[in-house]
Amino acid sequence: MRTSGSGGGSCRRCLGAECQRKSRALGRSKGELTTSIVPTLLAALETEVVGSWALHDAAGLALARIARSEPSLRPVVRAPIHAWFSGSFSGVPRAAVSIGLVGDPQDLELLASLATDGPIGRAIIQQPRVYPTMRTYAVFGLDALTQQHADVALRRAAVEVYASALTSTRPDLVDFAIAGAIAMGRCALPPRADSDAKDLMGLEDQFELLLASFDPKGESGWPRGVRAHVLVALARLTAHLSLDSPTHAALRVRVLSALTQTLRRPPEEALADLRFGAIHAAGQVGRAGLDPSDVALRDALAEMLRSGSDAERPLARLALADDLQRFRRIAAREKEPAVRAAYAVAFALMLDVTSLDLVREWVREARDQDAGVGVCAESLARLLEAAGEHATVPALQQRLERSQDPDRVVLVGTALAVGGHAEDFGRIVGMLTRPAKRGAESALAEALGAFHGQPDLGALIELVKGEAYRSSDRAAAASALGRLAVPDASGWSEGLR
């Protein structure tokens, strides 16, 4: 998590993590899935060519998405994904995510053992220990599994794993800890009942664990990036507190105190990621409703309006906003591209379709070299989705054609793809095999996957099958095929891009 005056990195991460997408399309029929899409992806999963790991990754994730959306296909997909995972040397990290996405509760034990470096995990990857990257992806897999089940025992077992991620401070497990914090915030347990055994975790225990992990003075050993994600997790869980409970009210006060302390830290560059995490978290609490008695947090946010960076100030204003019309008027007067980008993120977080014309105008006026132009384009895409509007912005077509930056390709391409025009879909498919777009394949796949409509998938299917194409091109096509087969509204995979 990084922040800068560009309106880029932190803003886009904030947008990706919090803006819940609507389904971009109706998905494909079960007949099309079983007769065409799934067989194509299964064949890709078994393909052995130079660089086939990328194709396997994309096909496996695509199949898992389909199984999650269409549980009747779970038996068809689960066995090949397990074979892919166990048949490769030392395992494949993304295969752990695919196993979780398939959603079979039987896989809880495997994923938990992989995440905690347990004997089952070591045995299946045939290694003396489960390496950190695999442990991180196993947590993402657990998150994908638990989001599909309301069973408290299953969710409690997953939270125990997330807790282990937050109680180890090994330097090589930073990403593992971040994954644990993200997943913890997405998996609220029921509050403790008097009849619960003492060793059973409840919502209150999650708060205690996260608050201990946050450690505002930094004495825990965790870097600021981990602690920033801990703050966001605390803010998410705050929505599950019952203020009728004195215990819960006290927990909320402690969370707001942690946010306030962080926002009052000096605005030095070394603390930028932690400050951004705090303002992001404060924004979540604020959108749920700041109580008038939350004076200290309000004062800290007000100070951020005066002393924060270009990326921080609009989000601080959003956290405080009780007059959205005034918020829009202030944004409309802004001329600085980087600050416009931050406002665009705020509008997208709210899915405020009344700001659509303003953000569209900012994208039209932006120059390719302007700071935050990509973030504005992605924010525009989210707002177009929310409004159900299918109008392509001509300026985006031109920008997409001449862009050489993979990140810019996905941001602009996504805004273009939600237009739902067949010629735009064909244009982006054609770019996949164009030499000028080498290195941008995964970004183009994201843009294709955002397409709003029911495009003809024939060209993508042929590209996945085509042995004459490079593995990276086929992988991008497989990824887009999975996204289009079952449009994903959960936002679960944002951290895997």
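Since this is a predicted model, take the numbers as computed values, not measurements. Below, all heavy atoms of this structure are taken into account, side chains as well, without hydrogens, waters or symmetry copies.
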Is there a side chain to side chain contact (heavy atoms under 4.5 Å, CB included) between Phe85 and Ile125 once you walk through the steps? CA-CA 8 Å; Phe85 178 72; Ile125 67 172; 3.9 Å; yes
For Glu462, enumerate each residue passing the side chain to side chain donor-acceptor pair (under 3.5 Å) test, keeping only those at least two apart in sequence or located in another chain. none
Heavy-atom distance under 4.5 Å between the side chains of Leu241 and Phe207, does that happen here? yes
All side-chain contact (heavy atoms from CB on, under 4.5 Å) counterparts of Ser36, not counting sequence neighbours: Ile461
Reported OH-to-OG distance for the pair Tyr137 and Ser98, which is rounded to 0.5 angstrom: 11.0 Å
For a quick test of reading the model, state the closest non-hydrogen atom pair linking Leu231 to Ala281 and the distance between them. O-CB, 3.5 Å
For Ala233, what residues pass the side-chain contact (heavy atoms from CB on, under 4.5 Å) criterion, not counting sequence neighbours? Leu210
Nearest 0.5 Å, please: how far is CD1 in Ile120 from CG in Leu111? 11.0 Å
Does Glu204 have any side chain to side chain donor-acceptor pair (under 3.5 Å) partners at least two apart in sequence or in another chain, and if so, which? His248
Report yes if the side chains of Leu114 and Leu110 come closer than 4.5 Å at any heavy-atom pair, otherwise no. yes
What closest approach, in Å, do Ala344 and Cys376 show between heavy atoms, and which atom pair accounts for it? CB-SG, 4.0 Å
CZ of Arg474 to CD of Glu467: how many Å apart, nearest 0.5 Å? 6.0 Å
Side chains of Leu200 and Leu189 in contact at under 4.5 Å (non-hydrogen atoms): no
Between Leu55 and Tyr469, is a side chain to side chain contact (heavy atoms under 4.5 Å, CB included) present by the stated rule, with each step listed? CA-CA 11 Å; Leu55 179 57; Tyr469 294 112; over 6 Å; no
Tightest non-hydrogen contact, residues Ala115 and Val161, listed as CB-CG1, 3.5 Å
What heavy-atom pair brings Leu274 and Ala228 nearest, and what distance separates the two atoms? CD1-N, 3.8 Å
Assess, by modelled atom type and distance only, whether the side chains of Arg170 and Ser168 contain a donor and an acceptor separated by less than 3.5 Å. no
Minimum side-chain heavy-atom gap Trp84-Leu63 below 4.5 Å: no
State which residues pass side chain to side chain donor-acceptor pair (under 3.5 Å) with Asp175; sequence neighbours excluded, sorted by chain then number. none
For Ile182 and Arg236, run side chain to side chain contact (heavy atoms under 4.5 Å, CB included): C-alpha distance rounded to whole Å, both residues' side-chain angles, the deciding distance at 0.1 Å, then the answer. CA-CA 10 Å; Ile182 292 170; Arg236 286 176 174 164; 4.2 Å; yes
Main-chain N/O of Ala475 paired with Ser479 side-chain donor or acceptor, under 3.5 Å: no
Rounded to the nearest 0.5 Å, how far apart are CG of Leu444 and CG of Asp473? 9.5 Å
Exam field: side chain Ser69 to backbone Arg65, donor-acceptor pair closer than 3.5 Å: no
Got a second to check how far Arg156's CZ is from Leu154's CG, nearest 0.5 Å? 11.5 Å
With sequence neighbours left out, write down each residue that passes side chain to side chain donor-acceptor pair (under 3.5 Å) with Lys465, or none if nothing qualifies. none
Taking salt bridge (charged side-chain N to carboxylate O under 4.0 Å, His left out) as the test, write out the residues that go with Asp151, two or more places apart. none
Are any non-hydrogen side-chain atoms of Tyr162 and Leu142 less than 4.5 angstrom apart? yes
For the atom pair CD (Gln148) and CZ (Arg68), what is the distance rounded to the nearest 0.5 Å? 6.0 Å
All heavy atoms of Ile81 vs all of Ala95, minimum pair found to be CG2-O, 4.4 Å
Any donor-acceptor N/O pair, His149 side chain to Gly103 backbone, under 3.5 Å: yes
Polar side-chain atom of Glu32 near backbone of Ile37 as donor-acceptor pair, under 3.5 Å: no
Considering all heavy atoms, the nearest Thr116-Ala112 contact: OG1-O, 2.7 Å
Do side-chain atoms of Arg74 reach the backbone of Ala67 as a donor and acceptor pair under 3.5 angstrom? no
Validation row: Leu101, Leu145 side chains within 4.5 angstrom (heavy atoms): no
Applying side-chain contact (heavy atoms from CB on, under 4.5 Å), can you list everything that pairs with Asp205, at least two apart in sequence or on another chain? Arg192, Met201
Given Ile66, which partner from the list Leu481, Val76, Thr34, Leu41 fulfils the side-chain contact (heavy atoms from CB on, under 4.5 Å) test? Leu41
With sequence neighbours excluded, residues passing salt bridge (charged side-chain N to carboxylate O under 4.0 Å, His left out) with Arg129: none
With sequence neighbours left out, write down each residue that passes ring-ring contact (aromatic ring centres under 6.0 Å, His included) with Phe347, or none if nothing qualifies. Phe327
Quick one, Pro93 and Tyr131 - any side-chain contact, counting heavy atoms below 4.5 Å? yes
Are Phe214 and Leu166 packed together at the side-chain level, in the sense that at least one heavy-atom pair is separated by less than 4.5 angstrom? no
Donor-acceptor pair, side chain of Gln206 and main chain of Cys187, under 3.5 angstrom: yes
Write out all pairs satisfying salt bridge (Lys or Arg N to Asp or Glu O under 4.0 Å) with one or both partners inside residues 105-125, taking only residues at least two apart or from two chains. Arg78-Asp107, Asp117-Arg122
List for me each residue that meets side-chain contact (heavy atoms from CB on, under 4.5 Å) alongside Ala188, sequence neighbours excluded, and say none if there are none. Leu203, Leu237, His240
